[in-house]
Amino acid sequence: MRISVIGCGYLGAVHAACMAKLGHEVVGIDVDSRKIEELSAARAPFYEPGLEDLLREVQQTGRLSFTTDSSAAAGSAVHFICVGTPQKMGENGADLTYVDAATTDLLPYLAPGDLVVGKSTVPVGTAARLAVLVQAQQADAHLVWNPEFLREGHALADTLHPDRFVYGVNDGSEDHPAVAILDEIYSAPLSSGTPRLVTDHATAELVKTAANSFLATKISFINAMAELCEAAGADVTQLADAIGMDDRIGRKFLNAGIGFGGGCLPKDIRAFMARAGELGADQALTFLREVDAINMRRRTRVVELTRELCEGSLLGKRITVLGAAFKPESDDVRDSPALSIAAQLQLQGAVVTVTDPKALANAARRFPELQYEPDTGKAVRGSDALLLLTEWQEYRELDPYELAATLRNPHILDGRNVLDAAKWRAAGWNYRGLGRP
Ligand code: UGA
């Protein structure tokens, strides 16, 4: 099928490449000419494992192109809206400027029978509003909400082999003409057994925000347990293993640590609360305020613990932070708890050096006042304390014996509870985890 993908950021670039991989003819459209130049040269403008190889592979087939010209959408039967919905400046709600602009720019190029498919995370009610615009322009075109559930670092696999597809159509009916078209687009993953649900617009929009809210709640739940474990002298990692064995609970997303960050979970729970307020249902989501508060408390707790590790004062102490990205296998530093902790420590008088395999350029743009060192060995040398804040594999594999000799003081705070505490202590380290004795 001929497809246009509007917005070539994280979601759109991955979606465009994956749709071409599935055999469709795809044009990716974005207003950012730098991004389009990079993608046209099969270079990913951000780090995502496997994306550059995939871009190269599909561009060789001639099925994938990129442009800044929105008229390139003409002739495609399906138009995916993949632009960002960041948090509004100074408010909790989502900023819909880009979604609105992408839809309006597309309108003149719609032909009868076309589908406009929203993938961005939006407040409930957005699809119904945009559907009116689409139908006013082209009575025989349809707007569908088809939320995306990909995780950064696993984006290709999550797009090509998702857990489920959700199609939100205006009447919520399986017989809606959009259903057959989307089934054709996703025929490969559907034929390998991926379930798909047809819902109305509002349910599809809510599925996405509810899923992210549940994930955020799970993380904050275990972080609240970590607070309790610290108070009681218990071990949250064992607690998570034990409760996670109940398959009604499940072990995934029960890793206590410095909390969640990134461009999705934090802003999505806030936008969800804001939207519930507009709908007069704010009480239903007041618990998310607590989820957010628990999450932010993790950052303060790490600063306090680091002060303890540094014998009560951060002034002039040399601290090395391992990891700047909000999670491993990503160079994304949006609302990264690691970077926010690094900046807090620096504000409180420490001299902070941050290292990360992929995210240093983005981190330096966000917090130019911190020191950055790509080489882990150099970053660690002469340090008073080491903070492991993003659990890249190479940090999990560090040798505590080799490393101990290079620090001024062998203190380590394991912000992700991924190191073997006994092994590090045996190598002479003063090891602190979060929610562990
Ligand atoms: C999240 C969701 O997982 C995706 O399903 C969703 O599609 C995406 O948002 C989105 O809305 O686009 P992502 O932001 O890539 O994906 O990252 P996650 O893997 O969910 O991790 C979020 C944060 O939670 C990270 O900072 C991670 O370190 C933290 N986390 C995760 C924990 O602190 N503990 C855990 O047990 C798991």
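Numbering of ligands and ligand atoms starts at 1, following listing order.
Applying the ring pair (Phe, Tyr, Trp, His ring centres under 6.0 Å) test to residues at least two apart or on different chains, the pairs with a partner in residues 180-199 are F165-Y186.
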Quiz: residues 231-238 side-chain donor-acceptor pairs under 3.5 angstrom, not counting sequence neighbours:
from	atom 1	to	atom 2	distance (Å)
D235	OD1	T237	N	2.9
D235	OD1	T237	OG1	2.6

Tabulate below the donor-acceptor pairs under 3.5 Å that side-chain atoms of residues 9-16 make, not counting sequence neighbours, or state none.
from	atom 1	to	atom 2	distance (Å)
Y10	OH	Y47	O	3.4
Y10	OH	E48	OE1	2.2

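Side-chain contact between L64 and M19: absent, with no pair of heavy atoms (C-beta onward) separated by less than 4.5 Å.
Between L107 and V134, the closest heavy-atom pair is CD2-CA, 3.9 Å.
The protein residues lying under 4.0 angstrom from ligand 1, judged by non-hydrogen atoms, are E148, F149, L150, R151, E152, K208, N212, L215, I219, F253, L254, N255, G259, F260, G261, C264, L265, D268, F326, K327, R416.
Between E304 and R301, at least one side-chain N (NZ, or NE/NH1/NH2) sits under 4.0 Å from a carboxylate O, which counts as a salt bridge.
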